[in-house]
Amino acid sequence: MNPALQTLVDRGFVKSCTDYEALSALMDEGPVTLYVGVDPTGSSLHIGHMVPFFAMHHLQRAGHNLIALVGGGTAMIGDPSGKTELRQMLSPEEIRANSASIRDQIGTVIEFNEGPGMGKAVMLNNADWLTDLNYIDFLREVGRHFSVNRMLTFESYKQRLERGLSFVEFNYQLLQSYDYWILSQEHGCRLQIGGDDQWGNIVSGIDLIRKMGGEQCFGLTFNLITRSDGHKMGKSEKGAVFLDPNLFSPYDFYQYWRNVNDEDVIRFLKLFTFLSLDEITFYEKEGMNINEAKERLAYEQTKIIHGEAEAEKARTAARALFGGGGLDSTENREGMPHISIPRAELEAGIGVLDLFSRTDLAKTNSEARRLVQGGGAWVGEQRIDDPRAMIDTSFLDAEDELLLRAGKKRYFRIVIV
RNA sequence: GGAGAGGUUCCCGAGUUGGCCAAAGGGGGCAGACUGUAAAUCUGCUGGUUAUACCUUCGAAGGUUCGAAUCCUUCUCUCUCCA
């Protein structure tokens, strides 16, 4: 099999392919242009969205050309795949803004600038060709190739039929197929990749291209990444694990990976880092400390998404907090989330509930109260169990700061100014 | 267009002889115990606040009542069947 394709299989990306042999042969011949669709309905991607781009990273290094297609046109409609509810429609302005930030996020994994020995990568927007479509022309040229009977057999539509599916959304498959057609004609695109939930849309795109007289095209889908505990990938107690540091701090991001289940570590190292398979094998060895593997995963992943500096800070802070001691230097604390409080205010004394609810440790006073009453609230090494307790300068530690803690794992740093 | 069934707290889902309902149960989440910053398990908590009381919530707006998630009216949305 073609080495690049083999890499994806070995690293655990691939779920299915429309034709392994023919695709492998095509990739052997030379650079192949491939695309993946991105949904611009949010301002930030979360980690679950990144799987195809990690795969693309490997393909780009093998010299293949990438197209990230922003669904600016289709986002004004909504995608039925795997969704149980109708989606909100977005304005062109919102979509444009979202696309810009999404491009930056994708850019952490694939290279939009040209590099030696690497394939090119571009970002396109299907609004460019979908917006001006003429309805009658579209029906005549594209619509006639689709069979409603066949479309209804697709799993994604079956589910939606039980809950309701608007005609507008039903058209999504036609538009995505049309995208593939356009990309095949204008950019020589021969391969579409995506999550396994996209299988139906990809296949019908390939069919459309064939019926319209194009070249043989291919589809490659990836496993939907799940966690062994059954939780949804990319979701945490804080909500989705967004890539935007303002929505999800690098420290929390690091912690998310640091805390994956034992069973998931190796799998995630293969999927979400660029470590070689040989190196990953090292972590699989008998007697290997699983926590080292988790730390490596967290570090590598944070480094890719947020950069080396943030990864270092997060690791240092985490080691200091959990590795025992070591909290005595500012450096160790830098990666921790923090807020500032004026010294005068602290001198006057601040109620515990008030203090905790100002941090991310508790959203409301009531939540802070529950935390205190449940015995999970700490200031430094002191457990606070009285909701009326006042925190003042006597709680300051050697660094002249306060280190708040909710339970064993959630820390928050109070800097005095 | 006609007939019927429904919209409950983060989610699913009880609750409609009106008060004992901030609303059962489960899930999820948070905390405690045990641990390896894991999983599993057990326990507690899980609308808000100036907190033994008060405030806002049971699709929306009105109404009846001392008192409504529970009754009435209108509106709205979803689903099912018929055409």
Side-chain angles (χ1 to χ4, degrees), chain A residues 82-88 158-167 169 226-241 249-269 283-284 287-299 301-302 314-327 332-333 335-337 349-379 383-390 403-412:
Chain A
K83 299 291 188 298
T84 49
E85 297 295 327
L86 275 166
R87 274 204 212 165
Q88 190 107 41
K158 269 191 199 160
Q159 289 170 9
R160 284 307 301 273
L161 282 175
E162 287 171 18
R163 289 202 55 89
L165 170 66
S166 77
F167 177 69
E169 284 189 278
T226 53
R227 296 188 351 182
S228 58
D229 57 8
H231 285 87
K232 213 173 168 184
M233 186 65 202
K235 297 286 182 193
S236 78
E237 64 278 2
K238 291 182 157 69
V241 181
S249 78
Y251 175 77
D252 288 328
F253 186 83
Y254 179 94
Q255 286 299 325
Y256 177 79
W257 294 101
R258 180 63 184 77
N259 284 313
V260 298
N261 293 339
D262 290 4
E263 300 76 52
D264 294 332
V265 185
I266 298 301
R267 209 154 54 88
F268 287 177
L269 278 169
Y283 289 104
E284 280 182 279
M288 185 71 204
N289 182 355
I290 188 105
N291 283 311
E292 269 181 55
K294 288 187 185 181
E295 187 176 72
R296 187 71 191 273
L297 171 66
Y299 179 78
Q301 175 61 200
T302 309
R315 183 167 66 181
T316 306
R319 278 180 178 170
L321 289 171
F322 297 103
L327 279 170
N332 287 350
R333 301 177 171 192
M336 292 170 54
I350 302 175
V352 232
L353 303 187
D354 185 18
L355 185 63
F356 269 81
S357 60
R358 285 199 217 179
T359 71
D360 293 344
L361 300 179
K363 283 193 280 294
T364 61
N365 238 309
S366 298
E367 202 174 302
R369 179 181 299 271
R370 269 179 242 126
L371 185 66
V372 170
Q373 286 172 340
W378 300 72
V379 176
R383 181 185 237 152
I384 309 295
D385 47 20
D386 178 6
R388 282 161 306 187
M390 295 302 283
L403 222 46
L404 305 191
R405 185 150 69 90
K408 277 167 296 194
K409 290 191 288 191
R410 297 156 63 221
Y411 287 84
F412 211 91

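A note on names: the letters A, B, ... follow the listed sequences, proteins ahead of strands, and every chain is numbered from 1. Just so it is clear, the values below take in all heavy atoms, side chains as well, and ignore hydrogens, waters and symmetry mates.
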With sugar-phosphate meaning primed atoms plus P, OP1 and OP2, does A/Val265 contact a base, only sugar-phosphate, or nothing at under 4.0 Å between heavy atoms?
-> nothing
Identify which nucleotide among B/A51, B/G47, B/G36 has an atom closest to any side-chain atom of A/Arg369, counting heavy atoms from C-beta outward.
-> B/A51
Expressed in angstrom and rounded to an integer, what is the separation of A/Arg267 atom CZ from B/A38 atom P?
-> 19 Å
B/U64 and B/C71: how far apart are their C1' atoms, nearest whole angstrom?
-> 8 Å
Could you work out the separation of B/G13 and B/U41 based on their C1' atoms and round it to a whole Å?
-> 26 Å
From B/G48, B/A38, B/C30, nucleotide with atom closest to A/Arg410 side chain = B/C30
Any strand: nucleotide that pairs with B/C10 via Watson-Crick or wobble, under 3.5 Å | B/G27
Please give, in whole Å, the distance from B/U37 P to A/Arg315 CZ?
-> 17 Å
So, does A/Arg410 use its side chain to make a donor-acceptor pair with the main chain of A/Leu361 at under 3.5 Å?
-> yes
With rounding to whole Å, what would you report as the distance between B/A24 and B/U46 at their C1' atoms?
-> 15 Å
Side chain of A/Leu371: nearest nucleotide among B/G36, B/A31, B/U49?
-> B/A31
Partner nucleotide of B/A51 by Watson-Crick or wobble geometry (both distances under 3.5 Å) | none
Any side-chain heavy-atom pair of A/Asn259 and A/Lys294 under 4.5 Å = no
If you pin A/Lys408 and A/Gly374 to their nearest nucleotides in RNA chain B, which one's is more 5'?
-> A/Gly374
Determine the contact category for A/Ala318: base if any of its heavy atoms lies under 4.0 Å from a base atom, sugar-phosphate if only primed atoms, P, OP1 or OP2 are that close, otherwise nothing.
-> base
Whole-Å C1' distance, B/G2 and B/C54 | 50 Å
A/Asn289 (side chain) donor-acceptor with A/Asn291 (main chain) under 3.5 angstrom = yes
Sticking with atom C1', work out how far B/A53 lies from B/G63, rounded to a whole angstrom.
-> 30 Å
Taking the P atom of each, how far is B/U80 from B/C11, in whole Å?
-> 22 Å
Note, A/Glu295 side chain near A/Tyr254 side chain (heavy atom, < 4.5 Å) = yes
Between atom CZ in A/Arg405 and atom C1' in B/C30, what is the gap in whole Å?
-> 15 Å
Across all strands shown, which nucleotide pairs with B/C66 by Watson-Crick or G-U wobble geometry, both distances under 3.5 Å?
-> B/G19
Give the nucleotide from the list B/A38, B/C34, B/G48 with an atom nearest to the side chain of A/Asn261.
-> B/A38
Out of B/A38, B/U37, B/A51, which nucleotide sits closest to the side chain of A/Asn259?
-> B/U37
Both distances under 3.5 Å, Watson-Crick or G-U wobble: report the partner of B/C58, or none.
-> none
Is the shortest heavy-atom distance from the side chain of A/Phe356 to the side chain of A/Arg369 under 4.5 Å?
-> no
Atom-to-atom span, CD of A/Gln373 to P of B/U52 - whole angstrom = 12 Å
Euclidean distance, atom NZ of residue A/Lys409 to atom P of B/A33 [Å, nearest integer] = 13 Å
Going by heavy atoms in the side chains, are A/Tyr251 and A/Leu321 under 4.5 Å from each other?
-> yes
Mate of B/C81 across any strand shown (Watson-Crick or G-U wobble, both atom pairs under 3.5 Å) is B/G2
Under 4.0 Å: is that the gap between some side-chain N or O of A/Thr364 and OP1 or OP2 of B/U49?
-> yes
Which nucleotide sits closest to the side chain of A/Arg370: B/A38, B/A31, B/G47?
-> B/G47
Rounded interatomic separation in angstrom, taking CG from A/Asp360 and C1' from B/G29 | 16 Å
Taking a pair to mean Watson-Crick or G-U wobble geometry with both distances below 3.5 Å, B/A38 pairs with none
Could you check which of B/A33, B/G36, B/U49 has an atom nearest any side-chain atom of A/Asp262?
-> B/G36
Take atom C1' in B/G25 and the same atom in B/U9, then report the distance between them in whole Å.
-> 14 Å
If we take the C1' atom in both B/G29 and B/A61, what is their distance in whole Å?
-> 35 Å
Take the protein atom CG of A/Asn365 and the nucleotide atom C1' of B/C54, then report the distance between them rounded to whole Å.
-> 15 Å
Roughly how far apart are A/Ile384 CD1 and A/Gln373 CD, rounded to 0.5 Å?
-> 13.5 Å
Rounded to the nearest 0.5 Å, what's the gap from CG on A/Leu355 to CE on A/Met390? Could you check?
-> 10.0 Å
Euclidean distance, atom NZ of residue A/Lys363 to atom P of B/U49 [Å, nearest integer] | 12 Å
Using the closest heavy atom to pick a nucleotide of RNA chain B for each, name whichever of A/Gly407 or A/Tyr254 lands nearer the 5' end.
-> A/Gly407
